Amino acid sequence: MSSSPRFSALKGIQDILPPDSSLWQKVEAAAKEVFTLHGFQEIRPPIIESTALFTRSIGETTDIVEKEMYTFLDKAGRSITLRPEGTASVVRAYVEHHLYNLPSPQKFFYSGPMFRYERPQKGRFRQFHQIGVEAFGVDAPFLDAEIIVMLRVLLERLGLKGVNFEVNSIGCEKCRPGYRSALQDFFSARLEDLCPDCRRRYEQNPLRILDCKVERCIEVRRGAPRVTDFLCGDCRAHFDEVLSALTLLNIPHVLNPDMVRGLDYYTRTTFEVTSEHLGAQKAVAAGGRYDRLVEEFGGPPVPGIGFAIGMERLTTLLRDNEGVIGPFPDVCIAPIGEKATKEAFLMAGRLRARGVWAEAGYDGSSLRSQLRRADRLSSRYVLILGDDELSSGRVKWKNLRDGSQGEVDIRGIEEFLSAALRGR
RNA sequence: GUGGGCGUAGCUCAAUGGUCAGAGCACUGGACUGUGGCUCCAGGUGUUGGGGGUUCGAGUCCCCUCGCCCACCCCA
């Protein structure tokens, strides 16, 4: 090891290494397949945007905007921010390219890194990854239900178990102010019983008191007014239809009137998928409606809805459920001697051209160590290629799974292995 | 930003303030000149995260710093 400076990834930012990366690929492939079946197409927005895009949409006073953004000035002095979430960019693109002129709903999915300058902990990183979807132009409750169902289908296909679907409605700009003041009225007489954080929340965002984990605050908020009792007629009807659609579709879900959203743009339906195995950050996916956001970005009054899945959180759960086992080579070729090594090199190329994953030994290490290596890699087959084989033109093969072995003509190897590996 | 825990070999971890900081795993070779897994033998690597201090003597105690983990705030 040299004494020159050793680098490491930045705080809260991690490498995704094999075999973990193959689990990520599996998730991404399943998401693409499920989303496509539901009419969603991929959109690839940039990772950096002008800072104002996020401060507008997410909310000036949210923690994300106030203290968690990676913001810098470019060479022309413009304020640029690494995206802390995906929705703002998709809405920007939707408006910028006048996609509201296309038939509604327009449905998109995306995946990639997001950045928030936070203290890392379990399930929380400074660079993390989301797979998300957004749908524009339809405010019908069936779209809400369809999106929740789609999320469930995906998670089921991935074999994820032990998660809960929680749903809520936080109303619109008409009903929320009334609820907010009703909450403040309720807590105003009990302020001294609340924790310091909640006293601050009382002023800034009283809905957050419903989310507090302090024992005393949980007591105090018993009997607090529920957001679902303050919904206006339209919001009430919308939410009821979402719920009955979910019931119709046999989707297990729980009403959680205490569920709060961190971003300002949400309206009406909100939902979360939670797990008990994620530490303090138990949401593996979350989303909701944002019926005013397109308009706020200068577009027509077009409703929107979407969700995002936290990749690190999801893969944590999948890893716990089934572990991660990497892909295995189909065959390792163990050459003995220089001439055989050259032949093994060529043979590996021919096998690969036939779709067989072949590994050939590069140097003259012993047969024993080459076999040991093949075993460690969990290779299915080994081919032994030494002077005897070169002169006889017959290669020795061994099945490392059951120990069977034999020989095969050197020119028939591709056929032999293709047949032997069929149905792998 | 706040609080707690932890940093010793590639990995998992030992070592009362006291010789030269050890073991298992892994890796390579051999026992078995060309047959993996089991067993045995051999091989060698550390700025004890970094810096400073206390001490005759620091991996061990103190301070600073960096990093990791967990929690708060908040969030996927």
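Note that the structure is a prediction, hence the values are computed from the model and not measured. Just so it is clear: chains get the letters A, B, ... in the order the sequence lines come, proteins before strands, and each one is counted from 1.
- Between A76(B), G34(B), C72(B), one nucleotide has an atom nearer to the side chain of K213(A) than all others, and that is C72(B).
- Counting any heavy atom pair closer than 4.0 Å across all strands shown, G279(A) reaches sugar-phosphate atoms only and no base atom.
- Among all heavy-atom pairs drawn from F297(A) and R92(A), the shortest one is CD2-N, 3.8 Å.
- For E389(A) against G34(B), a side-chain-to-base donor-acceptor contact under 3.5 Å is present.
- Within the cation-pi definition used here (under 6.0 Å to the ring centroid, within 45° of the axis), R354(A) does not qualify as a partner of F416(A).
- Atom NZ in K122(A) sits about 22 Å away from atom P in G4(B), given to the nearest Å.
- Comparing A9(B) with A21(B), their C1' atoms are spaced 11 Å from each other, to the whole Å.
- Comparing C74(B), C69(B), U35(B) by their closest approach to the side chain of E118(A) singles out C74(B).
- Among the heavy atoms of the strands lying under 4.0 Å from G12(A) are primed sugar atoms or P, OP1, OP2 only; no base atom is included.
- Counting heavy atoms of neighbouring residues, nucleotides and ligands inside a 6.0 Å radius, atom CZ of R208(A) exceeds 12 of them.
- Note on V382(A): nothing from the nucleic acid sits closer than 4.0 angstrom, heavy atoms only.
- Here U33(B) presents its P atom at 16 Å from CG of D387(A), a figure rounded to the nearest Å.
- Remark: the separation of the P atoms in G17(B) and A58(B) is 14 Å, to the nearest Å.
- For G7(B) and C13(B), the P atoms lie 10 Å apart once the distance is rounded to whole Å.
- Proximity note for D375(A) (side chain, C-beta onward) versus C72(B), A76(B), G36(B): the nearest is G36(B).
- H129(A) and E312(A) are linked by a side-chain donor-acceptor pair at a separation below 3.5 angstrom, with hydrogens and angles left out of the test.
- Across C63(B) and U54(B), the matching C1' atoms stand 11 Å from one another, rounded to whole Å.
- Of the candidate nucleotides C27(B), A76(B), C74(B), C27(B) has the atom nearest to the side chain of R376(A).
- Distance from the side chain of L400(A) is smallest for G36(B) among the nucleotides C75(B), G36(B), C72(B).
- With a cut-off of 3.5 Å on both Watson-Crick or G-U wobble distances, the partner of C72(B) is given as G1(B).
- In this structure, K67(A) reaches the bases: a heavy-atom distance under 4.0 Å links it to at least one base atom across the strands shown.
- When the C1' atom of C40(B) is taken as reference, atom CZ of R368(A) falls 11 Å away, rounded to whole Å.
- For the residue pair T274(A) / E166(A), a side-chain donor-acceptor distance below 3.5 Å is found, with atom types taken as modelled.
- With 3.5 Å as the limit, one finds no donor-acceptor pair spanning the side chains of N164(A) and H253(A).
- Atom CD1 in I336(A) sits about 11 Å away from atom C1' in U33(B), given to the nearest Å.
- The K396(A) side chain lies nearest to G34(B) when the options are A71(B), G29(B), G34(B).
- In a base pair of the Watson-Crick type (N1 to N3 plus N6-O4 or O6-N4) or a G-U wobble (N1-O2 and O6-N3), with each distance short of 3.5 Å, A15(B) is matched with no nucleotide.
- Between D197(A) atom CG and U2(B) atom P the separation is 15 Å, expressed in whole Å.
- No engagement by Q204(A) is indicated, since no non-hydrogen atom pair under 4.0 Å with the nucleic acid exists.
- A gap of 16 Å separates the P atoms of A14(B) and G24(B), to the nearest Å.
- Only the P atoms considered, A23(B) is 33 Å distant from C70(B), to the nearest whole Å.
- Shown here is R350(A), whose CZ atom has more than 12 heavy atoms of other residues, nucleotides or ligands within 6.0 Å.
- Looking at heavy-atom distances under 4.0 Å, L314(A) makes no contact with the nucleic acid at all.
- Residue F125(A) is classed as a base contact, given a heavy-atom separation below 4.0 Å to a base.
- Between K398(A) and Q121(A), the residue anchored nearer the 5' end of RNA chain B, judged by the nucleotide with its closest heavy atom, is K398(A).
- Here A286(A) lies in heavy-atom contact (under 4.0 Å) with sugar-phosphate atoms only.
- L154(A) has its side chain within reach of F35(A): a pair of non-hydrogen atoms, C-beta onward, lies under 4.5 Å apart.
- Nearest-nucleotide positions on RNA chain B for S366(A) and A9(A) put S366(A) closer to the 5' end.
- Nucleotide G67(B) is matched to C6(B) when pairs are restricted to Watson-Crick or G-U wobble geometry with both distances under 3.5 angstrom.
- What separates CG of L367(A) from C1' of A31(B) is a distance of 16 Å, to the nearest Å.
- Closest approach to the R372(A) side chain among G37(B), C74(B), A76(B) is made by G37(B) (side chain taken as heavy atoms from C-beta onward).
- For the P atoms, the distance from U8(B) to U47(B) is 11 Å, rounded to whole Å.
- Here, C11(B) and C68(B) have their C1' atoms 16 Å apart, quoted to the whole Å.
- Within the 4.0 angstrom heavy-atom criterion, no nucleotide atom of any strand lies near S379(A).
- Nucleic acid contact for Q405(A): base, since at least one base atom lies under 4.0 Å from a heavy atom of the residue.
- Rounded to whole angstrom, the span from the CZ atom of F109(A) across to the P atom of A76(B) amounts to 21 Å.
- Atom pair R119(A):CZ and G3(B):C1' shows a separation of 9 Å (rounding to whole Å applied).
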